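The next block holds one structure in the form of structure tokens; read it before the comments.
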Amino acid sequence: MRAFRALTVNTVRAGLRNRIALFFTLGLAVLFMVIFGELFGGSNFSVTYGVVDHDGSTQSQQFVAALRSIKGVTVNTGTRAAEIDDLRNNHVDVVVEIPHGFGAALTTPGAPGVSVVPIQASQTSSTASIADQILGHVLSGFAARGAAPPVTLATPVSSSVNNVTAIDYFLPAMLAYIILQSGINYVAIGLADLRARRVLRRFRATPLRPAQILGAQIAAGALTVILQLIVLTAIGLLFFQAKTYGSWFVAAVPMLLGVAAFVGIGFLLTSAARTSESARGLSTFVAFPMMFLSGVFFPITTLPGWLQTTVHVLPLTWLTDALHRVMNDGVGLDAIALDCLVLAGWAVVTFAIATWRFRWD
Amino acid sequence: MPVISANGLLKRYGALVAVDGISFSVETGEIFGMLGPNGAGKTTTMEMLEGLREPDEGSATVLGSDVVREARAIKTRIGVQLQATALPPLTRVREAIDLFGALFPTARPTDDMLREFDLESKATTYATELSGGQMQRLSIALALVNDPDVVFLDEPTTGLDPQARLNIWDVIEDVRRRGKTVVLTTHNMEEAERLCSRIAVIDHGRIVALGTPASLIAAHAPGTTIEFDAPHGVDEEAIAKIEGVDKVSVDGRVAVSTRTPERVLRELLDPDAHWLRRGDDGHIAGIRDLRVRQGTLEDVFIALTGRSLRT
């Protein structure tokens, strides 16, 4: 145990001294928060919705009110033609159509489901994507309550949902980003380097068991990520005044499962790669698409339909979703059970394959 | 009982037989050298003794324990220095010694190791920033941190400048003086001759000769070689006829092999030497840059394999 601890501590220390790895994990996460915080955050942030209310129910009016209560959000209402016209002239950023049956779907058990349709001038503009996120959060608050009628709209959940700002949205996204990047930088590349430079072989010439050597490297990777998550959370709360709503104990569950899944993926990449160069290449190939497709930088809803289905295979999609739901919407563990299960599944499968395929040199 | 006993060790890598039935034994307090060119199978042999590779055939014991079945027990009592110095990244010298000490049930104090290996002033330096000689001293210090009975050093001086090499030789002799048994590989014959009590000459995975440096030279390169330059050339056949000459070769320099150097030298230095060609002016230019040397391990290796060690 003393040997295992010494090896783990040494690896964590070396990891934290590695400035390049630190930049690509914690450093970039903070940088992204600064950039997106400036872009969307604080007083600079404003979105104008043009709402077309086809339903005219109490629920639809309360939905509009909930939207309107968000800081930086302006809501105009009017006919479809008028709002579309405003969209063309850039007077509104997004037109939102509330369909017939919106109120009924929320209040009457067994009523057919409806969907609220956002119409945007451009899918790629950052205002449109942040507008989409806000809409999603407000709606998910309604949907959650709609699932268990009878409900009132004035629950504390709605107020928390209502106050999600850009920085609140990006803190959980950046926590997910760190878990992704660290699993790769500290395990996939780190372990492949130790193997290529024959350090693993040198350790094998000591009485350490092979499982202790690998276990210490993996434990060190996980510890390094957890330390970074704590630091980033502290930075987000203290310097960016990010607000979170869910329980930290609940948030810790998908975070730890996410760490396990991505450390597992890192370990698997080491097993798949022959050299440390190919480990680097493979890591980039795996990390980058996931980073951009899994809801870290913009919501999945902006992706084309077929891609939305595809990205639900990726563990980062589930991790990002779980962290947003807990930290922004304040949901409990039961609401993210599926996310947690998928992450646990990824962890188990990647560790099993990586252990089976691992080569010492 | 020998400290190390290898019996018919054989290791294959695919179709290649890297170690082809090697047997030897090493006694307490020896510095046992494995001498051979790169790829001869020295490192693989050593790694089988260290419990890092399992032999495909044959067996070996180190300190009375079987290298396959009791590898972990062996690893607590041996010290290992691998060929390419392998240390974890971003680790300072003191941290590296602390770390390796913690990997063994008992370890010597880090401060003692720093002092003994002259690394005190480098204690807080990253290992990657050390000079070649310092790095090698650290590497040997790490091999000794558990106070082992047997130390395996794989090419301890390869790539070092001459001064650093002399320093490492002193370090290794010091290790032996403290009663440890040392096994080392090298392709430097001077190193083998200076340090080793016995040498196994290895080529193509086999031991082609084994003995003390003196006995190897006596058996395989017994003669003395007389070398010189002759500005106008020599009559090679005439030299070959001088009594006591075993072999003559003219390859730029003239090299004469003999077991009776005094007699042959007297003939070669004769002022009326008939074997020495005259210049255009009819004068003898004499011989230049005369050198007389005893056989070396390099000669032994050439005699045994027909190839030079350096290639």
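Chain A is the first sequence line, chain B the second, and so forth, proteins listed ahead of strands; every chain is numbered from 1. All values reported here derive from a predicted model rather than from experimental measurement.
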Can you name the nearest heavy-atom pair linking [X] to [Y], along with the distance?
X        : Y        : answer
A:Met327 : A:Pro172 : SD-CB, 3.8 Å
A:Ala344 : A:Leu257 : CB-CD2, 4.0 Å
A:Leu232 : A:Leu171 : O-CD1, 4.0 Å
A:Ile167 : A:Met33  : CD1-O, 3.6 Å

Quiz item: Are A:Ile226 and A:Leu256 close enough, and set up right, to give a side chain to side chain contact (heavy atoms under 4.5 Å, CB included), and what steps lead you there?
Solution: CA-CA 8 Å; A:Ile226 291 167; A:Leu256 292 178; 3.8 Å; yes
Need one label for [X]: side chain, backbone, both or neither, based on atoms under 4.5 Å from any heavy atom in chain B.
X        : value
A:Asn10  : side chain
A:Phe4   : neither
A:Leu194 : side chain

Quiz item: Where on B:Leu87 is there a heavy atom nearer than 4.5 Å to chain A: the side chain, the backbone, both, or neither?
Solution: backbone
Quiz item: Quick one: what part of B:Phe100 sits under 4.5 Å from any heavy atom of chain A, side chain, backbone, both or neither?
Solution: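 For B:Phe100, side-chain heavy atoms alone lie under 4.5 Å from chain A.
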Quiz item: Quick one: of A:Arg204, A:Arg209, A:Arg198, A:Arg197, who has the most non-hydrogen atom pairs under 4.5 Å with chain B?
Solution: A:Arg209
Exercise. Could you tell me which of A:Asn18, A:Leu200, A:Thr206 has the largest number of non-hydrogen atom pairs under 4.5 Å with chain B?
Key: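 The residue among A:Asn18, A:Leu200, A:Thr206 with the greatest pair count is A:Thr206.
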Exercise. Count the heavy atoms belonging to other residues, nucleotides or ligands that lie under 6.0 Å from CZ of A:Arg13, then report whether that count exceeds 12.
Key: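 Yes, the 6.0 Å shell around CZ holds more than 12 heavy atoms from other groups.
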Quiz item: With a cut-off of 6.0 Å (strictly less than), are more than 12 heavy atoms of other residues, nucleotides or ligands near CZ of A:Arg17?
Solution: yes
Quiz item: When heavy-atom pairs shorter than 4.5 Å are enumerated against chain A, which of B:Leu103, B:Thr91, B:Ile74, B:Asp98 gives the highest number?
Solution: B:Leu103
Quiz item: Do you know which of B:Glu50, B:Arg72, B:Gln81 has the most heavy-atom pairs with chain A at a distance under 4.5 angstrom?
Solution: B:Arg72
Quiz item: Taking the six-membered ring for Trp, are A:Phe170 and A:Phe240 ring centroids under 6.0 Å apart?
Solution: no
Quiz item: Can you list the steps and then say if A:Phe239 with A:Val34 is a side chain to side chain contact (heavy atoms under 4.5 Å, CB included)?
Solution: CA-CA 10 Å; A:Phe239 293 99; A:Val34 171; over 6 Å; no
Self-check item: Sorted by number, residues from residues 52-61 of chain B in contact with chain A (heavy atoms, under 4.5 Å)
Solution: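 Near chain A, by residue number: B:Leu52, B:Arg53.
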Self-check item: Neighbourhood of chain A inside residues 108-144 of chain B, taking heavy atoms under 4.5 Å as contact
Solution: B:Tyr126, B:Leu142, B:Ala143
Exercise. Tell me yes or no: between the side chains of B:Ser5 and B:Ser25, is some donor less than 3.5 Å from an acceptor?
Key: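 No donor-acceptor contact under 3.5 Å links the two side chains.
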Quiz item: Can B:Asn7 and B:Ser23 be counted as having a side-chain donor-acceptor contact under 3.5 angstrom?
Solution: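 Short answer, no.
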Quiz prompt | Worked verdict on A:Phe262 versus A:Ile178 for side chain to side chain contact (heavy atoms under 4.5 Å, CB included) | solution = CA-CA 10 Å; A:Phe262 282 97; A:Ile178 281 192; over 6 Å; no
Exercise. With B:Thr185 as reference, evaluate B:Thr158, B:Thr45, B:Thr43, B:Asp154 under the side chain to side chain donor-acceptor pair (under 3.5 Å) test and give the passing residue.
Key: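 So, applying the side chain to side chain donor-acceptor pair (under 3.5 Å) to B:Thr185 and each of B:Thr158, B:Thr45, B:Thr43, B:Asp154, only B:Asp154 qualifies.
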Quiz item: Taking it one step at a time, do A:Leu22 and A:Tyr186 satisfy side chain to side chain contact (heavy atoms under 4.5 Å, CB included)?
Solution: CA-CA 10 Å; A:Leu22 210 55; A:Tyr186 292 106; 3.7 Å; yes
